[in-house]
Amino acid sequence: MSSIKKKKKPCCAFSKLQSNPLYALFLYYKFGSVKWSMQAENFHAPFLKNFLKKLIAEIELNQDLVLDELYEQYACYMTSLKDDNVVKGRICKCISFLFPAGSSQLPSCSYSGKLVVPLRCSLNMLDGDTGCALWPSSLFLSEFILSFPGLFSNKSCFEVGSGVGLVGICLAHVEASKVILSDGDLSTLMNMKLNLESNNFSINTDRQERTEDSNTIKCIHLPWESASENQLQDFMPDVILGADVIYDPACLPYLVRLLAILLNKKIPSSAKRNDSCQGSLLDSKSMDGKFNGSLQGNANANDNGNGFDANEGKIICNGTSNTGSRKGPVAYIASAIRNIDTFNHFLSLVDQANITITDLTETHKPLNLLPYMQSYDRSNVRLFVLSCK
């Protein structure tokens, strides 16, 4: 469902772009003989935004190449026209997921082999704007979703601590039946909504309203400490997700309580079935309550669990997993373990809540979709799957 349509003849696309009268007019206003200033750009921003929108639409209509710079500039104008108090201290980044050769059969891989996501992120985390930061675990979990689309497509997905909304955008891209994003910070939630709008998604903030529109993402304010069981039972998703949510010991009891409620979904016996190619990743080995860095699981190391052989570059099972049968909701948590005591405390709380946790980091590696991002160190991120015992 990517909005990027690319390009039959990229070699001559730039010359075509230069000959477009709208593009010429945009360059005149942007880089013309009149001295350009930030005040001038802010004054002309609505005008330039409309020009870019028409220009991109015309290029896509002709199935020519749209330069990434145009998408990025349009995203900047989209967010710069919002409330200045909301976007102050934040920058616009374009995250480009590049699918490697051999992955064209993945449902998440578009015709262009590329998914571009513009995001408004925090500029200075020292000011307490951590919820709007782009964390490595969020990037890792997004790669996981795009590499394993069969685990999420046609399923109701709920993310805790959604931050900038990148994971939710990737869930919508792989056609999850419902995407619900949540965060306990109102400023973060507002920034997340701006990011969703920049990526052409409709936003639903009504907790009770149910919608099946694949282009609509529900956003809710959800402080973990005040979330009630009745409130959470309104959602009861098939899949729960979280990125870098295991960091504050004081918050962990509330997080585990929330996960326990969401994972305890009752499934009618008639609905239980063996989804050999559409199930969750539940390996036979689970963690014993203490983390010592050992590898868990027993999958083939050459197969990333999604039917994609890293050595051969072939799709074996249409982008889905056959590592287990689906018996209830599961949670996928990606996290960098910065403090071993904090993480062991989390494991202890999870065990007390009668939840099984399994380390999938080595047995189900996602594709490397961000090879150009040198600041992204995936080696520090671990991936876990949780379910009720």
Side-chain angles (χ1 to χ4, degrees), residues 1-4 71-72 74-76 78-83 86-87 89-97 108 115-123 125 129-146 149 152 155-207 211 213-224 235 237 239-245 332-335 369-370 373 376:
M1 68 185 277
S2 172
S3 62
I4 305 167
Y71 281 120
E72 185 170 357
Y74 180 66
C76 287
M78 285 281 290
T79 53
S80 66
L81 295 176
K82 302 294 180 179
D83 186 352
V86 176
V87 299
R90 295 175 190 162
I91 58 175
C92 183
K93 293 183 179 180
C94 277
I95 309 302
S96 297
F97 295 96
S108 55
L115 172 63
V116 180
V117 182
L119 293 172
R120 176 69 62 169
C121 307
S122 62
L123 187 61
M125 290 185 293
D129 203 15
T130 55
C132 297
L134 192 58
W135 295 96
S137 295
S138 177
L139 296 171
F140 188 94
L141 194 56
S142 298
E143 286 184 309
F144 179 72
I145 293 168
L146 297 174
F152 308 97
K155 290 184 174 65
S156 173
C157 299
F158 186 107
E159 186 187 12
V160 296
S162 300
V164 296
L166 177 62
V167 168
I169 292 171
C170 291
L171 286 170
H173 180 75
V174 300
E175 298 183 352
S177 61
K178 182 182 298 184
V179 178
I180 306 168
L181 305 184
S182 67
D183 206 281
D185 180 72
L186 289 174
S187 175
T188 299
L189 195 65
M190 190 172 296
N191 184 72
M192 183 200 311
K193 292 176 181 178
L194 294 181
N195 285 334
L196 295 177
E197 291 176 356
S198 296
N199 286 274
N200 300 316
F201 288 102
S202 301
I203 301 170
N204 181 358
T205 57
D206 190 336
R207 293 176 180 272
T211 176
D213 184 359
S214 60
N215 203 45
T216 298
I217 296 178
K218 184 186 292 288
C219 297
I220 63 170
H221 181 230
L222 186 69
W224 298 346
F235 305 110
V239 182
I240 303 100
L241 304 99
D244 261 331
V245 291
Y332 296 105
I333 305 294
S335 181
L369 303 179
L370 300 166
M373 191 174 287
Y376 167 41

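- Using a 4.5 Å heavy-atom cutoff, the side chains of I240 and I333 are not in contact.
- From L241, atom CG reaches atom CD1 of I180 across 11.5 Å, with rounding to the nearest 0.5 Å.
- Taking both residues in full, the closest heavy atoms of A334 and L141 are given as CB-CB, 4.1 Å, listed atom of the first, atom of the second, then distance.
- In this structure, the separation between CD on E159 and SG on C170 is 10.0 Å, given to the nearest 0.5 Å.
- Remark: the backbone N or O of P136 is not paired with any side-chain donor or acceptor of D244 at under 3.5 angstrom.
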Please determine whether side chain to side chain contact (heavy atoms under 4.5 Å, CB included) holds for the pair V117 and K93, giving the CA-CA distance in whole Å, both sets of side-chain angles, and the decisive distance to 0.1 Å. CA-CA 8 Å; V117 182; K93 293 183 179 180; over 6 Å; no
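- Ring-centre distance between Y332 and F140: not below the 6.0 Å cut-off.
- Without hydrogens or angle criteria, N199 side chain to F201 main chain gives no donor-acceptor distance under 3.5 Å.
- Residues meeting the side-chain contact (heavy atoms from CB on, under 4.5 Å) test with S182, sequence neighbours left out: F158, V160, I220, L222.
- The backbone N or O of L119 lies less than 3.5 Å from no partner atom in the side chain of N195, so there is not a single donor-acceptor pair.
- A donor-acceptor pair under 3.5 Å is formed between the side chain of S198 and the backbone N or O of L194.
- Looking at S162, its side chain never comes within 3.5 Å of a backbone N or O of D183 through a donor-acceptor pair.
- Remark: the backbone N or O of K155 is paired with a side-chain donor or acceptor of S177 at under 3.5 angstrom.
- Under the side-chain contact (heavy atoms from CB on, under 4.5 Å) criterion, S108 pairs with F99, L106, L146, P149, H173, V174, not counting sequence neighbours.
- Listed by first and then second residue, the salt bridge (Lys or Arg N to Asp or Glu O under 4.0 Å) pairs that reach into residues 130-146 are E143-R378, sequence neighbours excluded.
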